[in-house]
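Structure, as structure tokens:
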Amino acid sequence: MTASTSRADQRRRARLVQRELRWVRTSDQDIVDSAVTTWYMVALTVVLFAAMAASLLRGLGVAWGGEARESTATLVAAVFPVALVGAIWWAAAIAGPLGASSAKRTWLFAGPVDRAVLLRSRIAWMGAGAWSAGAVTTGLATAATIAEESFGGWAARTAAGAGLSMWIMAMAGWRQTVNPTSAGADRRSRFGVTLLGVTSLLAALTAAGVKLPKLVGVSTAVIAVAAVGITAAGVFSLALVARRADRLPISDIARGGDLTDAAEASAAMLDASAVWAVTTRRSLARRGRRRSRGMWTSGVMVLAVADARRVSRRWEPWLAVGGMLPWLWLLLPASASGAGLFVAGVVVVSATMPYGAGLRAWTRSTGLRRSLPGSIQRVALALLVIPMMMATALSVAVVVASHLSGWSVLLLVGAATVGVSHTAPAPDMADVGALVSTPAGAVPVGVVKRVMRGVVRPGLVLMPGLMASGPTTFLGATLGVMIAGYFVERDIAALS
């Protein structure tokens, strides 16, 4: 009797806290305006990126031709559900999916309240987010691969993908309540990566000329019924997770909330260092101890050796790029093109950024910069050795898979080096938060400036390669390398 009464009191306190917070958030006009603006920007960003992706996929569909489009449609129909399940399962494992921010853990979860009640909003948002992500990706994939699909068939497939995404996210939350440990999260993450690896293997077989058997056609009515059923199963599973969420220990809630806090900080600062710091801490925590080893060199090159030893602990970029290579071979045009160079640049620059952790740590620590011997130029160049080597190796693999000219390696390495050197200094929050009042409303010029500088600089390095073709490819690569050297020199000079 006492236990049930205590549990009822905890639920009552949790509901009271939620009611008070809801009242504060809705009564303060500034908070309401900020929330509306945030969600407006999120929705606008999703719509713009979805439109860009749809346009890119439509253009690639035209470039494929009939036979290539048919084989690609068969491949996507076979592997897309597996890829969707693997991606959501992996994302849910690394993000919790259940968790709470540091502020909520300190002020709410530490008290005698029912944690399941406090986590209901997180559960609802994770279900809605998974449903939206599944709808967008399934809709784009269906529109890109099935040319003659009616609107009813497209809507049924999109709803089925959205319902599947929500159900998988709910099952990931249920598994977290069953095994709320870091080891369990690592196993779930590996399972998701394995499913993604299977899809890449099937793509590699298709690229090698192996024809996958066509799936038996399913009527639109059956797909619609399946979509309704799996969506209902997802809603029921989310309700089950909400009832079992009180079993989560505060340590697992913190593990899920730390990445959310880091993602919010990275989005606010337009800098991914916070997310990389969380993933690095998790990687180090998986191993109880690491033996210290002496350096076989001296001077500033010790920094390059230290960066080289950390490469073995940052295998994720290589795994991600390796899984993308078959898809690049299949989806990009067989001849060198501007679209192929652009996609290759995005892949190489994104995969190289984690290897610039040493340069970022040295740049953002005044004490470390003062304590290390040597000039700023020598130290910065030493810390760029490993990122440039990783960018070179990644560029060679991506260039081969993207059907690009060998001279494109120089452009990709230059763009990746510029990206690492430009993002090394910490963002100036006063600059990022600058606003200009206009008749149309406040314009975040600081955000636009940082985004444009981060995107435009590597883009300018790739620009000569986009404009050059045939015999002039060498000249375009030479000009791109010169532009990259100029930007890197300016970034290093700005440190002093």
Side-chain angles (χ1 to χ4, degrees), residues 94 189 258-259 261-287 289-293 295 297 299-322 346-374 376-395 412-428 450 453-454 457-458 484 487-488 491-492 494-495:
I94 64 172
S189 175
D258 285 343
L259 188 64
D261 291 343
E264 292 178 354
S266 296
M269 297 186 299
L270 298 178
D271 183 79
S273 298
V275 175
W276 288 332
V278 171
T279 55
T280 301
R281 279 201 309 270
R282 290 183 179 181
S283 177
L284 294 174
R286 293 189 185 100
R287 186 168 178 176
R289 64 186 179 89
R290 296 185 184 272
R291 187 180 64 179
S292 299
R293 293 174 292 175
M295 297 292 181
T297 185
V300 295
M301 290 308 297
V302 170
L303 303 175
V305 175
D307 272 350
R309 291 180 176 178
R310 284 195 291 266
V311 169
S312 62
R313 298 198 294 268
R314 293 192 176 95
W315 48 268
E316 293 88 352
W318 281 98
L319 182 63
V321 172
V346 173
V347 172
V348 172
V349 173
S350 302
T352 307
M353 295 302 291
Y355 296 107
L359 180 63
R360 286 191 297 272
W362 172 75
T363 302
R364 302 181 183 192
S365 175
T366 305
L368 185 60
R369 290 169 58 184
R370 292 177 177 176
S371 61
L372 290 178
I376 291 178
Q377 289 76 12
R378 290 183 60 194
V379 174
L381 291 176
L383 290 171
L384 281 173
V385 170
I386 297 303
M388 292 180 65
M389 293 177 62
M390 293 297 102
T392 303
L394 291 168
S395 298
L412 296 175
V413 173
T417 306
V418 169
V420 171
S421 65
H422 176 65
T423 58
D428 186 0
R450 180 164 180 82
R453 288 186 65 188
R457 285 195 173 190
F487 282 140
V488 171
D491 291 333
I492 295 176
L495 298 177

Search all heavy atoms of [X] against all heavy atoms of [Y] and return the closest pair with its distance.
| X | Y | answer |
| --- | --- | --- |
| Ser189 | Ile94 | OG-CG2, 4.0 Å |
| Asp491 | Ser421 | OD2-OG, 2.9 Å |
| Val420 | Gly356 | CG1-CA, 3.9 Å |
| His422 | Arg457 | ND1-NH1, 3.6 Å |
| Val413 | Thr417 | O-OG1, 2.8 Å |

Return all side-chain donor-acceptor pairs below 3.5 angstrom for residues 380-395, not counting sequence neighbours, or 'none' if the list is empty.
{"unit_1": "Thr392", "atom_1": "OG1", "unit_2": "Met388", "atom_2": "O", "d": "2.8"}
{"unit_1": "Ser395", "atom_1": "OG", "unit_2": "Ala391", "atom_2": "O", "d": "2.6"}

Partners of Thr352 by side-chain hydrogen bond (donor to acceptor under 3.5 Å, both in side chains), sequence neighbours excluded?
none
Can you find a pair of side-chain heavy atoms, one from Val379 and one from Trp362, that are under 4.5 Å apart?
yes
